[in-house]
Amino acid sequence: MTPAVQRADFDRYMLPVFNPLEMILVRGEGSRLWDQQGRDYIDFGAGVAVTSLGHGHPALIEALQHQAAKLWHVSNYFTNEPALRLAKKLCDSTFAEQVFFCNSGAEANEAALKLARKRGVDKHPEKIEIVAFNGSFHGRTFFTVSVGGQPKYSSGMGPNPPGIVHVDFNDIEAVKRVIGPRTCAVIVETVIGEGGILPATPEFLQTLRELTTVHDAVLIFDEIQSGNGRTGALYDYMNTAVVPDILTTAKGLGGGFPIGVMLTTAEVGNHFKPGSHGSTFGGNPLACAVAEAAFDIINEPALLANVRVKAARAAMALRAIGERHGCFSEVRHAGLWFGCELSSALVNRAGDVVSKGAANGVLMLQAGPNVLRIATSLIISDTELDEGLRRLEKTCADLVG
Ligand SMILES: *Cc1c(COP(=O)(O)O)cnc(C)c1O
C-alpha cells in the first residue's frame, strides 16, 4: 500500500531549505529507527545530538504523559513547577545562579548575546564588540548567524548586525590583537561541532578566560551541542579548568523535546530587568518536565562514566575501520561525539558516506564536506553500537572498494 504522504510531498509543500534523505522515519526504539516500509536503521546521528537517551525512553514518556494530563502552558505571566524544578537542578549542578529558558539553541545564544551587549552598554555606550571564531556555528537567527563564523550562512541577506569580529579558532595571538575595552563578549564552542568536531586547546580556553576577565567582557561557552552529557561530563566546561560567565545549551537537554536554556551568574544576569527579554513558550511546563526527567538520568556519575567507556571503545573501532579501508585520515572525538576526517580516498564526500550509510541501514551526519560526524545516544547498547559499526564498515568498503 502506498503511504498517504511521501518524500515527493516534501519538495511540493516544504520550504526548500533542507534536502532530506529519501526514506521517512516513522518509529524509534532505543538506537533503532524504522521507516514507512519497515526497514530498520541504527541511529548514529541522534537527530543531530538531540535524542541523548535514544527513542522512546520510558522515563521521558512517563514525564511527558504525566505533565500532558496536568498542565501544558501558562505563559510567563505565571511561573510553573517543572520550570522551577529544572532551573534549581541546573543551578545546583553548575556554576550558574540564574537561568533563562527558551525553545532552541539559537534562542539561547540570542539571549546570551543580547545580555552581553546590555551588560557592556550599561558600563559604556561603546562596549558592544563581540569576538567570535571562524568555523563556529551559533544558530540561524540573524544575530546568531552573523556571530557564527561561516559566511555562507550569513551573507546574501543584506546588512548584518554590526560589532562582530571573527578570528581563527585556537589562535591566542589573534584574540589578543582584537580584544579590548570595547569588547563585551567572547563566544566560543569548547568543541566546534558543525564545523568539524574540533576541540579547543586547554591553553586557548584558559587564555580566553584571562583576557575576558582583564577586559571585563563576558565569556560565553556555546554548549548547545557539547552539553548534557555528550562529552562524558554534564557540561564540557567541567572537562576543562575554565568556568564561563554564560553557558548556552539546547539539543540534548530535552532528549528530543524542544527546549533551550541560557545559564549565567547573578552579576551578569541582573543586567536584564523585567521586559528586557522574553519568550512566549520558553520554560513551558511540558518541555521542562521532559527535560527534568532527562536531566535526572544524564546527571548521574555512572551514566557519564559509561559515556566515556563506550566512547573510548567506539573511537578504537572507528580508527580500526579507518585503517582497514583507508577511509579516515583522523578520528577525533569528545565523548560519544566523533568527527572522522575523510582520507584522500573519499575527500569531500561526507555527503556520499551519509547517504550510502543510510542505504546500508546506519544514520550518520556530516560536519562540513570532509568530516563524517557520529553522535550516538548516550545509552546506546553494545549490540546497537556493534551493528551500527558493521553497517558503517560495509559503507566504507562499498565506497572505497
Ligand atoms: C545546533 C547548534 C546551535 C543552534 O541550535 P538550534 O536549536 O538549531 O537553534 C547553536 N550552536 C551550536 C554549537 C549548535 O550545535
Side-chain angles (χ1 to χ4, degrees), residues 15 17-18 20 45-52 100-116 130-150 152-154 164 166 169-170 185-200 205 208 219-231 233 235-237 239-240 244 246-263 279 281-284 287 290-291 294 332-339 364-368 371 373-376:
L15 194 77
V17 293
F18 300 111
V48 192
V50 167
T51 47
S52 42
F100 172 77
F101 288 120
C102 52
N103 313 289
S104 67
E107 282 176 70
N109 283 337
E110 188 80 21
L113 295 165
K114 281 177 69 179
L115 176 59
I130 294 160
V131 176
F133 297 98
N134 294 325
S136 61
F137 182 77
H138 298 301
R140 299 294 202 141
T141 64
F142 213 0
F143 198 179
T144 57
V145 86
S146 304
V147 170
Q150 304 191 52
K152 64 172 190 263
Y153 294 140
S154 60
I164 303 162
H166 292 98
F169 184 65
N170 276 337
V186 174
I187 182 168
V188 67
E189 291 169 83
T190 54
V191 178
I192 285 190
E194 300 297 314
I197 317 294
L198 301 161
L205 295 179
L208 292 183
L219 180 60
I220 304 170
F221 279 1
D222 178 344
E223 291 219 34
I224 309 289
Q225 194 163 167
S226 64
N228 314 299
R230 177 57 50 197
T231 67
Y235 291 102
D236 190 37
Y237 86 87
N239 289 320
T240 75
I246 298 180
L247 184 151
T248 54
T249 194
K251 289 201 170 80
L253 181 64
F257 203 98
I259 180 170
V261 68
M262 175 188 71
L263 309 176
S279 164
F281 291 120
N284 102 74
V290 178
R332 299 183 286 271
H333 83 108
L336 283 168
W337 198 27
F338 305 88
M364 300 174 291
L365 309 161
Q366 47 184 119
V371 175
R373 174 171 39 152
I374 292 173
T376 68

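Both ligands and their constituent atoms are indexed starting at 1 by order of listing. By convention here, the first residue in the shown sequence is residue 1.
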N/O of [X] under 3.5 Å from N/O of ligand 1, yes or no?
X: Q225; value: yes
X: G139; value: no
X: E189; value: no
X: I224; value: no
X: A250; value: no

Subject >> Side-chain heavy-atom pair N228, S52 within 4.5 angstrom cut-off >> reply: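 They are not in contact (no side-chain heavy atoms under 4.5 Å apart), so the answer is no.
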Original post:
So, D236 and T190: side-chain donor and acceptor under 3.5 Å apart, yes or no?
Top reply: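 Indeed, the side chains of D236 and T190 share at least one donor-acceptor pair under 3.5 Å.
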Subject >> Distance, nearest 0.5 Å, that separates CZ of F257 from CG of N103 >> reply: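 Here the interatomic distance stands at 9.5 Å.
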**OP:** Select one of side chain, backbone, both or neither to describe which atoms of K251 lie under 4.0 Å from any atom of ligand 1, heavy atoms only.
**Re:**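 The part of K251 near ligand 1 is the side chain, not the backbone.
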Original post:
At a non-hydrogen distance cut-off of under 4.0 Å, which region of V48 contacts ligand 1 (side chain, backbone, both, or neither)?
Top reply: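 Neither; no heavy atom under 4.0 Å.
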**OP:** Verify the neighbour count for atom CZ of F142: are there more than 12 heavy atoms of other residues, nucleotides or ligands below 6.0 Å?
**Re:**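 Count over threshold, so yes.
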**OP:** Could you label the plane-to-plane angle of the H333 and F338 rings as parallel, tilted or perpendicular, counting under 30° as parallel and over 60° as perpendicular?
**Re:**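 The arrangement is parallel - the two ring planes meet at less than 30°.
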Original post:
Would you say atom 9 (O) of ligand 1 has a protein heavy atom nearer than 4.0 Å?
Top reply: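 Within 4.0 Å of atom 9 (O) of ligand 1, protein heavy atoms are found.
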Original post:
Numbering the atoms of ligand 1 from 1, which are under 4.0 Å from a heavy atom of A106?
Top reply: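 Near A106, meaning under 4.0 Å from one of its heavy atoms, ligand 1 has 4 (C), 5 (O), 6 (P), 9 (O).
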